[in-house]
Amino acid sequence: MKIIAIGMNYPLHCKELHANEPLPESPVIFMKPDSALLKDSKPFFIPDFCEQVDYETELVVRISRLGKNIAERFAHRYYDAVTVGIDFTARDLQRKFRAEGKPWELCKGFDNSAAVGDWIPVERFLNIQNINFHLDIDGKTVQRGNTCDMLFKVDQIIAYVSQFCTLKIGDLLYTGTPAGVGPVHIGNHLEGYLESEKVLDFYIR
């Protein structure tokens with residue numbers, strides 16, 4: 001199982017963190033190892049190696065078929081469920097690595113940096129590109145998004161990624177975060193929703 005993640009996939013988030021950079025012309029891809037997965041409502045422990053960890057709330061898509069060089073028009077056949085996930089980012093490390101022109105995998109791929117919620121069958125939704133999702137922290141909504149605002153749609157991403165690496169059953173696709181990212185703190189209670197259904201619920205330790 002691999003975790004494929006998309007950066008800079010919502011225009012307002014791009015302006016939020018990369019105001020001086022143009023919008024990407026193709027999907028921005030990075031990977032997380034399977035050890036990054038955090039599931040079953042287990043708590044997230046803030047690591048000692050950074051000073052700021054940010055939440056990034058995302059729609060996560062579960063791959064259900066083996067595929068390589070998938071045509072965009074067939075991409076919808078390759079996933080079966082969606083949920084809300086958190087792409088935790090060691091933001092201070094990311095700023096440092098970017099300033100030095102170095103790869104920033106370590107700030108994204110550390111242990112438990114990919115929280116994932118309960119899965120909902122994709123057929124429950126009329127259109128995967130029109131799903132509302134949001135994150136509450138301590139009962140207050142801190143981030144909202146709708147998949148209609150993606151720069152690169154789910155099927156486009158699958159077609160693009162599958163040119164480079166084979167997609168396998170159980171792979172996870174984190175599709176990017178909207179504007180509104182911010183730091184987490186010890187004791188925070190995170191709850192993620194698809195439409196009105198809570199699918200993610202855990203604490204920061």
Side-chain angles (χ1 to χ4, degrees), residues 1-10 13 16-17 28-63 79 81-98 102-120 133-145 157 161 165 167-194 197-205:
M1 187 275 289
K2 57 185 172 292
I3 301 169
I4 303 161
I6 313 303
M8 301 176 68
N9 201 28
Y10 286 80
H13 174 63
E16 178 180 50
L17 291 186
V28 177
I29 308 295
F30 61 94
M31 311 284 274
K32 288 173 177 267
D34 57 5
S35 58
L37 195 63
L38 179 68
K39 58 182 182 178
D40 301 328
S41 297
K42 292 179 180 177
F44 172 79
F45 290 86
I46 295 177
D48 294 331
F49 53 72
C50 63
E51 297 180 357
Q52 180 181 340
V53 175
D54 283 6
Y55 60 83
E56 296 190 9
T57 312
E58 313 197 3
L59 181 86
V60 184
V61 176
R62 185 175 68 190
I63 300 299
Y79 50 87
V82 294
T83 190
V84 169
I86 306 293
D87 167 25
F88 284 112
T89 303
R91 191 68 72 197
D92 53 328
L93 291 185
Q94 186 183 43
R95 293 190 187 103
K96 177 178 181 292
F97 294 150
R98 284 175 61 91
K102 296 178 180 177
W104 38 268
E105 297 295 320
L106 290 180
C107 75
K108 289 282 194 178
F110 57 90
D111 287 353
N112 299 323
S113 62
V116 68
D118 299 326
W119 296 102
I120 297 178
F133 60 96
H134 71 274
L135 175 70
D136 289 357
I137 296 183
D138 299 334
K140 179 182 178 181
T141 299
V142 296
Q143 194 175 19
R144 288 187 179 275
I157 295 167
V161 171
C165 59
L167 297 180
K168 295 185 176 183
I169 296 171
D171 287 351
L172 304 184
L173 176 63
Y174 280 64
T175 59
T177 193
V181 303
V184 293
H185 305 282
I186 293 174
N188 283 162
H189 181 200
L190 275 62
E191 298 170 288
Y193 294 80
L194 279 181
E197 184 169 351
K198 182 163 67 173
V199 294
L200 185 67
D201 188 339
F202 67 105
Y203 286 85
I204 306 297
R205 301 300 188 200

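Bear in mind that the values here come from a model prediction, so they are computed numbers and not experimental data.
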Q: Begin with the C-alpha distance, continue with both residues' side-chain angles, and end with the deciding distance and a verdict on side chain to side chain contact (heavy atoms under 4.5 Å, CB included) for I4 and M31.
A: CA-CA 5 Å; I4 303 161; M31 311 284 274; 3.8 Å; yes

Q) Any donor-acceptor pair under 3.5 Å linking the side chain of S41 with the backbone of F202? A) no

Q: Answer yes or no: are there more than 12 heavy-atom neighbours, outside F97 itself, under 6.0 Å from its atom CZ?
A: yes

Q: State whether the number of non-hydrogen atoms from other residues, nucleotides or ligands found under 6.0 Å of E105 atom CD is greater than 12.
A: yes

Q. How about T89 and E56: does a side-chain donor come under 3.5 Å of a side-chain acceptor?
A. yes

Q: Indicate the ring-plane relationship of H134 and Y193, choosing parallel, tilted or perpendicular according to the 30° and 60° boundaries.
A: parallel

(Q) Main chain of F30, side chain of K108: is a donor-acceptor contact present, judged purely on distance under 3.5 Å? (A) no

(Q) Would you say NZ of K39 has more than 12 non-hydrogen atoms from neighbouring residues, nucleotides or ligands within 6.0 angstrom? (A) no

Q) Is the closest basic N to carboxylate O distance between D136 and K198 below 4.0 Å? A) no

Q: State whether the side chain of T177 and the backbone N or O of E58 hold a donor-acceptor pair below 3.5 Å, judged by distance alone.
A: no

(Q) Quick check: closest heavy atoms across V181 and Q143, and the distance to 0.1 Å? (A) CG1-NE2, 3.5 Å

Q | Under 3.5 Å donor-acceptor, D54 side chain and R91 backbone | A | no

(Q) For E191, is there any backbone N or O sitting under 3.5 Å from a side-chain donor or acceptor partner on D201? (A) no

Q: May I ask you to decide if the ring planes of F44 and F88 are parallel, tilted or perpendicular, using 30° and 60° as cut-offs?
A: parallel

Q.
Test your reading of the model: is there a side-chain donor-acceptor pair from D171 to the backbone of K2, 3.5 Å cut-off?
A. yes

Q.
Minimum heavy-atom separation for P178 and T57, please, with both atom names.
A. CD-O, 3.3 Å

Q: Specify the closest pair of heavy atoms between I3 and A114, including all atoms of both residues, with the distance to one decimal.
A: CD1-CB, 4.0 Å

Q: Walk me through it: do D138 and N188 pass the test side chain to side chain contact (heavy atoms under 4.5 Å, CB included)?
A: CA-CA 6 Å; D138 299 334; N188 283 162; 3.0 Å; yes

Q) Between L37 and Y174, which heavy-atom pair has the shortest distance, and what is it? A) CD1-OH, 4.5 Å

